[in-house]
Structure formats: C-alpha cells, structure tokens
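Values in this document were obtained by computation on a predicted structure and should not be read as measured data. Numbers for residues simply follow the sequence, beginning at 1.
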Amino acid sequence: MTPLATVMSGPRARLFACFLRLGTQQASPLQLHTGASLAAKNHYEVLVLGGGSGGITMAARMKRRVGAENVAIVEPSERHFYQPIWTLVGAGAKQLSSSGRPTASVIPSGVEWIKARVVELNPDKNCIHTDNGKEISYKYLIIALGIQLDYEKIKGLPEGFDHPKIGSNYSVKTVEKTWKALQDFKEGNAIFTFPNTPVKCAGAPQKIMYLSEAYFRKTGKRSKANIIFNTSLGTIFGVKKYAAALQEIIQERNLTVNYKQNLIEVRADRQEAVFENLDKPGETQVISYEMLHVTPPMSSPDVLKASPVADAAGWVDVDKETLQHKKYPNVFGIGDCTNLPTSKTAAAVAAQSGILDRTISLIMKNQKPVKKYDGYTSCPLVTGYNRVILAEFDYNAQPLETFPFDQSRERLTMYVMKADLMPFLYWNMMLRGYWGGPAFLRKVFHLGMS
C-alpha cells in the first residue's frame with residue numbers, strides 16, 4: 001500500500017494532517033473496559049442501547065457530559081467490527097482480523113457494559129428490559145441498535161452459504177466466502193444483487209462488483225466473466241453527479257446492469273439465482289452463476305418494530321434535524337435504526353453524533369436544540385484496487401463535498417482515505433467521541449479557496 005504521505009501532498013493535505021494530529025492529541029488513551037470497577041446498577045442518567053458505531057461514540061460523548069459512572073451501554077456482542085472495511089476484505093485487499101476488536105476494548109473506561117440483549121422498550125415508564133430478566137431505568141435514552149440482516153427472507157438462505165461460489169460482504173460469517181468465490185471463479189456469470197429494502201452502505205453492493213471486475217482483469221479471467229448487477233432500484237446511485245460518473249465506468253468496463261430485479265431465491269446446490277421483476281410482480285427469471293454476491297434484505301431490529309418508539313415502518317421516529325424522538329423528549333436515536341431520510345453509513349453516524357451531542361446537552365439544560373443535522377452522509381465508492389469516487393451528499397441528494405476538487409472522479413488519494421485513513425479515524429477518534437464528520441475541514445478548505 002502506498003504511504004498516505006506519498007499520495008496526499010501539497011499545502012491542503014499538510015493542513016489536513018495537522019488537524020488529524022491535533023485531534024489525536026486531544027483524545028486520551030482508550031483504556032480497556034473490564035466492567036469490574038462498578039457494580040451494575042438498575043438506573044442510569046444516560047442509557048445507550050447498542051454497542052456499534054453510534055452507541056460507542058455517543059457513550060464516549062455522554063461520559064464527558066455526565067460522568068462515566070452515570071452512563072451504561074447495553075450490548076450482547078463480544079466483538080466490535082469496523083464494517084466498512086469488509087468491502088475490501090471480500091476482495092482480498094484487507095484481512096478480516098483487521099476489522100474487529102474486543103467490545104471491552106472500545107467501551108469508554110468507567111462506562112458500564114451491560115452484556116445483554118434488549119427485549120423490550122417502555123418509554124412511558126422510562127425503562128427497558130433485557131433478555132436476562134433485568135429492568136433498567138434511565139433519565140435519557142439513546143437508541144443505536146443498528147439494522148437487522150434478513151438473509152432468511154431469501155428462499156434458500158442462509159443455508160445456501162454452506163455451498164461454494166456464494167458470499168456476502170455484509171456479515172462477518174460470509175465476507176471471506178466472497179473472496180473465496182472470487183478466487184475460485186473460472187468462467188460464467190458473476191452476479192451482484194441489491195435488495196428491495198433499505199440497506200446500510202448502499203454503495204457496497206456495487207463496490208464489490210467493480211473490485212471483482214478488476215480482479216478478473218488482473219488474473220486474466222475478464223474475457224470469461226459476464227458481470228451482472230441486478231438491483232431492485234431504478235437507478236445506479238441516488239445522486240445524479242455520482243450516478244453519471246458510475247454510468248461511464250459501467251460502460252467502459254462492459255458491465256451489465258438490470259434495474260428493478262429483486263433476488264427472491266438462491267438454489268445454491270444448482271448455482272442458480274431467482275429474480276423477480278418488480279415492474280411485473282410474479283414474473284421471475286432464473287440465472288445460473290459461477291459467483292454470486294448477495295446483499296441481504298434489511299429491516300429495523302425486531303425489538304424496535306413493535307415498540308412505542310417506532311414509526312409505521314419500524315424505525316425509531318426522530319426529528320430529522322435534532323435526532324430527538326418525536327413523541328418522547330428524553331429519547332434519542334442515531335444511525336441505521338432511525339427513520340432519518342439519508343443513506344445509512346458510518347460517515348452519517350459520525351456527523352449525527354456531533355449534532356446529537358449538542359442536542360442532548362441543551363435538553364439537559366432545559367434549552368431548545370439549535371444545531372441542525374443536514375443529512376450529511378458519505379459513500380466512498382470503491383471502483384478498483386486503487387481508486388475511489390468519494391460521494392458526499394445531504395438530505396436533498398445534493399453533493400456536500402469536503403475537498404476543493406471534483407470528487408466524482410476516481411482518485412488514488414480517496415482510495416487511501418478509504419483503506420487506511422478512515423479506519424484510523426474510526427478507532428482512534430470517532431469511537432472516542434472526537435470525530436463529528438468533516439464539516440470543519442470542509443469550511444477550512446473552502447475558505448482557503450475564497
């Protein structure tokens with residue numbers, strides 16, 4: 001991998017590096033959380049549901065607001081993963097081991113880790129129940145339960161993953177199967193899917209397609225590969241500027257894109273995928289494959305679907321500008337589990353965390369929130385083993401770019417950011433509550449151009 005300093009040069013890059021150094025100096029070392037220092041209580045000033053990116057980030061921020069002893073995280077998983085890197089794991093560019101760390105190591109020191117699963121929310125009584133029979137009450141609740149993968153909604157899955165030639169970059173259990181299928185490819189159809197549901201990181205289903213095409217070229221198999229992207233959507237990307245750039249790549253690399261095609265069944269023993277035409281319900285097509293990458297249907301976690309905090313579709317019903325719940329003023333949501341009308345990404349969580357931090361701090365002082373979330377999200381569209389289109393946009397699907405150059409162009413610098421800089425920011429700054437997205441950098445760069 002080319003060193004970051006080599007590919008990101010010039011005065012703006014040096015300024016960027018300076019900000020990173022300052023941020024790192026601010027962040028105190030993250031101590032190993034053992035949970036032994038405090039006996040678990042049944043009431044906390046701030047209770048965080050979920051130990052993913054949003055939950056850990058907000059726990060770190062709330063620790064500074066109210067003290068570690070007044071904050072708890074409810075999370076059953078023993079390991080925490082930086083999931084955006086799985087795109088590269090599935091393409092053989094990164095090791096799976098680099099994506100995970102023990103959950104205990106990322107929970108802010110002194111914050112209580114309640115190792116359990118939430119089974120019921122009762123916001124009318126300011127309490128939740130866990131699968132070990134415990135009732136925990138709170139003054140403020142932050143819901144960060146992420147999104148649920150529903151592989152079982154596709155007939156033949158998840159058991160189909162026991163067969164070769166099929167993988168999925170969305171699960172720690174199946175991401176390495178993608179790389180194995182890529183390596184084992186000989187000749188035929190390489191199919192990549194996008195489901196008929198909301199998903200996290202909506203660019204990922206096509207990123208692995210571009211990487212696979214690059215791998216086939218590198219290994220001399222491209223002429224034997226018919227690369228197909230079957231998507232339930234009606235467009236390749238929701239932001240016109242980046243969609244146009246992707247369409248050029250699709251044409252240049254001779255990729256087949258079929259719209260309104262939803263994967264409904266996998267016959268892994270016969271290497272067949274069945275798709276329904278969403279424009280003509282009931283009409284199906286069976287396609288044989290030599291490689292299949294599945295993006296599963298996704299939904300709000302089951303515990304939220306039937307809870308009072310959910311909207312009609314099952315997502316946490318929050319104000320899109322403040323992230324405060326629309327009905328319960330002491331309840332807040334962040335990330336994939338919310339109904340915020342923006343792309344569900346780690347970058348969005350980073351931006352939301354800064355807004356939510358300010359929202360809660362003002363609510364705690366009986367003041368009205370003033371900081372407004374503009375829907376900022378980012379999708380580093382990996383188009384090869386050394387190229388990325390850095391898509392950044394807002395609620396209105398309008399570009400909201402950080403850098404003073406055309407980000408719709410493929411760039412090596414943006415690949416290095418995706419592969420090396422962003423994981424660093426995640427582990428060392430975001431999870432410690434010191435990274436709220438690039439809004440500050442955006443202002444600095446654009447002021448420098450004025």
Side-chain angles (χ1 to χ4, degrees), residues 46-62 71 73-77 80-86 103 106-108 117-118 121 128 140-149 170 197-204 298-305 307 309-311 313-326 331-360 371-379 392-395 422 425-427 429-433 435-439:
V46 179
L47 184 63
V48 181
L49 305 185
S53 57
I56 298 294
T57 299
M58 288 312 301
R61 289 177 177 271
M62 291 299 100
V71 181
I73 297 177
V74 182
E75 170 57 51
S77 303
H80 178 103
F81 292 97
Y82 176 62
Q83 296 179 29
I85 209 68
W86 286 350
T103 298
V106 297
I107 291 180
R117 188 178 303 277
V118 181
L121 287 78
I128 62 105
Y140 302 100
L141 180 69
I142 299 174
I143 305 172
L145 289 171
I147 199 167
Q148 181 173 288
L149 305 181
Y170 277 87
T197 67
V199 300
K200 57 182 173 181
C201 194
M298 302 179 204
S299 65
S300 174
D302 288 340
V303 68
L304 292 178
K305 289 187 179 85
S307 76
V309 300
D311 65 8
W315 307 99
V316 181
D317 194 15
V318 296
D319 182 282
K320 75 173 191 175
E321 293 183 336
T322 66
L323 281 70
Q324 184 179 26
H325 195 273
K326 292 179 180 177
V331 175
F332 309 86
I334 186 171
D336 297 351
C337 67
T338 68
N339 61 359
L340 294 170
T342 193
S343 187
K344 299 178 184 294
T345 68
V349 170
Q352 291 164 21
S353 71
I355 300 296
L356 184 52
D357 187 16
R358 292 291 299 145
T359 290
I360 295 177
K371 194 79 172 173
K372 295 181 178 181
Y373 176 51
D374 57 10
Y376 172 84
T377 190
S378 173
C379 182
E392 296 180 291
F393 49 98
D394 61 15
Y395 276 137
M422 289 179 180
L425 284 174
Y426 183 81
W427 294 113
M429 295 183 70
M430 180 175 162
L431 292 188
R432 301 181 185 190
W435 179 250

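Here the closest non-hydrogen pair linking S378 and A347 is CB-CB, 3.5 Å. Residues T322 and L356 share a closest heavy-atom pair of O-CD1, 4.1 Å. Shortest non-hydrogen contact noted between K344 and P198 is CE-CB, 4.3 Å. Shortest non-hydrogen contact noted between M430 and S53 is CE-CB, 3.9 Å. Heavy-atom minimum distance, I147 versus P301: CA-CD, 4.4 Å. A pairwise comparison of heavy atoms in G436 and S353 identifies CA-OG, 4.3 Å as the closest pair.
Contact of the L121 side chain with the V331 side chain is not registered, since no non-hydrogen atoms from C-beta on lie closer than 4.5 Å. The side-chain heavy atoms of K371 and I355, taken from C-beta on, include a pair separated by under 4.5 Å. At least one side-chain heavy atom of Y170 sits under 4.5 Å from a side-chain heavy atom of M298. A heavy-atom distance below 4.5 Å is found between the side chains of V106 and W427. The closest side-chain heavy-atom distance from V318 to I143 is not below 4.5 Å. A heavy-atom distance below 4.5 Å is not found between the side chains of L323 and T359.
By the side chain to side chain contact (heavy atoms under 4.5 Å, CB included) test, A348 is found to be paired with T345, Q352, Y373, T377, residues two or more places apart in sequence or in another chain being considered. Under the side chain to side chain contact (heavy atoms under 4.5 Å, CB included) criterion, A346 pairs with P84, not counting sequence neighbours. Residues passing the side-chain hydrogen bond (donor to acceptor under 3.5 Å, both in side chains) test with Y140: none are found, sequence neighbours excluded. For A202, the side chain to side chain contact (heavy atoms under 4.5 Å, CB included) test picks out F194, V199, S343, with sequence neighbours left out. Residues passing the ring-ring contact (aromatic ring centres under 6.0 Å, His included) test with F393, sequence neighbours excluded: F237. D374 meets the side-chain hydrogen bond (donor to acceptor under 3.5 Å, both in side chains) test with no other residue; sequence neighbours excluded. Taking K320 as the reference, nothing meets the salt bridge (Lys or Arg N to Asp or Glu O under 4.0 Å) condition, with sequence neighbours excluded. Take S299 and apply the side-chain hydrogen bond (donor to acceptor under 3.5 Å, both in side chains) test, not counting sequence neighbours, and it matches D150, K305. In this structure, the side-chain hydrogen bond (donor to acceptor under 3.5 Å, both in side chains) partners of K200, at least two apart in sequence or on a different chain, are Q83.
The stretch residues 348-358 participates, sequence neighbours left out, in these salt bridge (charged side-chain N to carboxylate O under 4.0 Å, His left out) pairs: R61-D357, R65-D357.
Between L141 atom CG and I360 atom CD1 the span is 9.5 Å, to the nearest 0.5 Å. Expressed to the nearest 0.5 Å, how far CG of D319 lies from NE2 of H325 amounts to 11.0 Å. From L340, atom CG reaches atom CD of E321 across 11.0 Å, with rounding to the nearest 0.5 Å. Residue L145 holds its CG atom at 11.5 Å from CG of D302, rounded to the nearest 0.5 Å. Atom CE in M62 sits 8.5 Å away from atom CZ in F332 (nearest 0.5 Å).
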